[in-house]
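What follows is one structure encoded as structure tokens, with my remarks underneath.
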Amino acid sequence: MSSLGRASAILGAGTLISRVTGLVRTIVLVAAIGSIGRPADAFAVANQLPNNVFTIIQTGILTAVIIPQIVKSAAHKDGGRAYISKLFTLGTMVFLVVTALAMAIAPWLVMLYGPKFTPDQMALAIAFAYWCLPQIFFYGLYALIGETLNAKRVFGPYTWTPVANNIISIAGFLIFIALFGGNQNVVDVWDPTMIAVLGGTATLGIALQAALLLFAWRRTGLSLRPDFRWRGVGLGEVGTLAGWTFLMVIAGQIAGLIQTRVVTDASGEHPSTALMMAAWLVFMLPYSIFAISIGTPYFTQIAEHAAAGRRDEVRSDVARCMRFVSLFVVGSGVALAVAAVPATRIFTESAAQAVEAAPVLVCYLVGLVPLSLLFIVQRAFYAFGDTRTPFLFTLVQVALIVGFSYLAAAVAPLSQLAAAVALGQSLAGLVQTIIAILILRKRLGGLELPQTLLSLGRFFIAAIPAGLAGWGAYVLMGAGDGWTAGQTGMTFVDKMLGAVGTGVIGLIAVVVYAVVLVLLRAPELAGAGALVKRFLPGR
């Protein structure tokens, strides 16, 4: 358990720094092009295209398939060296081909995601796409190297290298502001130089992120060489497993496509694509710091136990991880929800925009606990080489997301369209997670659900007074008209006030949450204390 705690602490610290610098990156980007407007949405769609492909590569192939296969390859006579070299050679070729294909069809990709864009906004988005789509190749290499490091229990670099990407992006966006001025939120003012600086900065950061991971490779004890002899080493099994996950992620991308097409109706004057992505970045703070940082080391251990046929230990690992992750995400989720207005003020341009944007973040947070539990449950299926079942229960989620999105388009006002779409995604994720847990419970012959539900009950009981305390602090500090919403009219000062307000309100909520759990004698607090100590110097 201590090794898992140490790995989780390393991942959590790296993720925290990465997400904080990512928020700073978003603040500077908003200062350059705004968060509500046509240029902001044009860049958001173009820069999201490589992220969508990366999601297919990482979740659809690497995370679901590669870690379990690399764990198994350790039993080969050469420790898996030949196998991994073949995978890297194949992966690199696939990334090159996919990148070239995406570049060739860039205009059609943009039109697919932004059908309601005006002609000049469409042209700007396509120009951005040509600069951003090369990120696909570097994202692929980053994920392939990083997942291999995780499989070899080298957890830190994969989490820390995004910090370099954020620093490069922050510097590049500041250069953009110095050269062209801030708040370039009118399509007509954009010229090729401006597009090159903004789009090139985004891609340069991803390239550096991938390159830095190579310096950690020697810690795996493996040597790489190009190897095009792909037959006879079980890559057919990888292809079969990857096929289901590929279909699963494609289905998810279809849901994302529908969501984007729906919310572009609000582009220009109301929260739309760019603001939803910014809200998602804030939402990902607790998810990444806790669910991914704790769940990733557990996944490697679960894969090892599954490969050895120790199903009882897999069952125990999954249940314990679910409870431990839930302890953190419930508390951080309620803290972030009651501080939603100050939190969204960080990436909006006025207090009024923050009040309009806050429901988007809150609606995403409804799905924080289900998404965190799903992260663990899906990887339990992957550990047993089952990628078909996750595909099937993902289809349920996709169908619900599509249905909820069209329902939102029909009934929600444009000012709250993005929030309605976000809520639909959260509700769909809740249904998907319940189905996934029930299937896994049947597969493993139990999942300690009574104990897990009891723990969740304690966490949600503690979240009620925590939320009330945080909300009370927000109201006492003036709510949407107070200093936490940034009312000075000075851009940087207002965003910093939003950040400070988020911290103060969130801290109050978290302290109350922890005190109530102590009074309830929650047994999970002992493990939480051990994990926190891992972050302290000298530990």
Side-chain angles (χ1 to χ4, degrees), residues 15 19-20 22-23 26 30 35-36 41 44 48 51-52 55 59 252-253 255-260 262-264 266 270-292 325-326 328-348 353-375 394 397-398 400-405 407-409 412 415-433 460 463 467 470-471 474 498 502 505-506 509:
T15 301
R19 293 298 174 179
V20 169
L23 282 176
T26 300
V30 169
S35 60
I36 297 179
D41 289 333
Q48 185 63 23
N51 281 274
N52 291 341
T55 299
T59 306
Q253 289 299 307
L257 169 63
I258 297 300
Q259 288 178 313
T260 302
V262 167
V263 298
T264 52
H270 300 289
S272 185
T273 309
L275 197 139
M276 285 189 73
M277 290 180 183
W280 182 258
L281 179 66
V282 177
F283 164 84
M284 288 295 287
L285 269 170
Y287 175 75
S288 300
I289 293 171
F290 300 118
I292 295 179
V325 166
S326 297
F328 289 100
V329 297
V330 171
S332 57
V334 71
L336 196 52
V338 294
V341 171
T344 52
R345 184 64 181 91
I346 295 171
F347 52 82
T348 51
Q353 284 189 2
V355 172
E356 190 177 19
V360 181
L361 175 58
V362 173
C363 288
Y364 274 136
L365 287 169
V366 171
L368 178 60
V369 173
L371 182 64
S372 300
L373 297 181
L374 185 66
F375 176 84
T394 297
Q397 181 213 28
V398 169
L400 290 173
I401 287 177
V402 172
F404 283 136
S405 296
L407 178 62
S415 61
Q416 295 302 320
L417 179 58
V421 171
L423 179 61
Q425 177 172 321
S426 294
L427 295 177
L430 173 62
V431 174
Q432 177 194 21
T433 301
F460 284 118
W471 181 257
Y474 169 65
T502 301
I505 296 167

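Positions are given from 1, in the same order as the sequence printed here.
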- Message: Could you check whether any side-chain N or O of Thr344 sits under 3.5 Å from a backbone N or O of Val341, counting only pairs where one atom can act as donor and the other as acceptor?
- Response: yes
- To the nearest 0.5 Å, tell me how far Gln397 CD sits from Leu427 CG. 11.5 Å
- Item | Non-hydrogen atoms of Leu365 and Gly333 that approach each other most closely | CD1-O, 3.9 Å
- Is a side-chain N or O of Ser372 found less than 3.5 angstrom from the main chain of Tyr287, in a donor-acceptor match? no
- Here the gap from Gln416 atom CD to Leu423 atom CG, rounded to the nearest 0.5 Å, amounts to 11.0 Å
- Query: Considering all heavy atoms of both residues, which atom of Gly470 and which atom of Ile505 are nearest to each other, and what is their separation?
  - Reply: O-CG2, 3.4 Å
- Message: Could you walk me through whether Val329 and Phe290 satisfy the side chain to side chain contact (heavy atoms under 4.5 Å, CB included) test, starting with their C-alpha distance in whole Å, then the side-chain angles of each, then the deciding distance to 0.1 Å, before giving a yes or no?
- Response: CA-CA 7 Å; Val329 297; Phe290 300 118; 4.0 Å; yes
- Message: Apply side chain to side chain contact (heavy atoms under 4.5 Å, CB included) to residues Phe375 and Val325 and explain how you reach the verdict.
- Response: CA-CA 10 Å; Phe375 176 84; Val325 166; over 6 Å; no
- Query: When rounded to the nearest 0.5 angstrom, what is the spacing between CD in Glu356 and CG in Leu275?
  - Reply: 8.5 Å
- Yes or no on side chain to side chain contact (heavy atoms under 4.5 Å, CB included) for Gln48 and Asn51, after CA distance, side-chain angles and deciding distance? CA-CA 5 Å; Gln48 185 63 23; Asn51 281 274; 3.8 Å; yes
- Message: Quick check: closest heavy atoms across Thr273 and Ala44, and the distance to 0.1 Å?
- Response: CG2-CB, 4.1 Å
- Item | Straight-line distance of Gln432 CD to Leu371 CG, nearest 0.5 Å | 8.5 Å
- Query: Do Gln425 and Phe404 have side chains that get closer than 4.5 Å, going by heavy atoms?
  - Reply: no
- Taking every heavy atom of Ala343 against every heavy atom of Leu361, the minimum-distance pair comes out as CB-CD2, 4.0 Å
- Query: Between Val262 and Leu417, does a side chain to side chain contact (heavy atoms under 4.5 Å, CB included) hold up when you go through it step by step?
  - Reply: CA-CA 8 Å; Val262 167; Leu417 179 58; 3.9 Å; yes
- Does a sphere of radius 6.0 Å around CH2 in Trp471 hold more than 12 heavy atoms from other residues, nucleotides or ligands, not counting ones at 6.0 Å or beyond? no
- Nearest heavy-atom pair of Ala418 and Met276: which atoms, and what distance? CB-CG, 3.6 Å
- Query: To the nearest 0.5 Å, what is the distance between CG (Leu257) and CD1 (Ile401)?
  - Reply: 12.0 Å
- Query: Under 3.5 Å, side chain of Ser405 to main-chain N/O of Gln259, donor-acceptor pair present?
  - Reply: no
- d(Thr260 OG1, Asp41 CG) to nearest 0.5 Å is 10.0 Å
- Item | Non-hydrogen atoms of Gly467 and Val338 that approach each other most closely | O-CG1, 3.4 Å
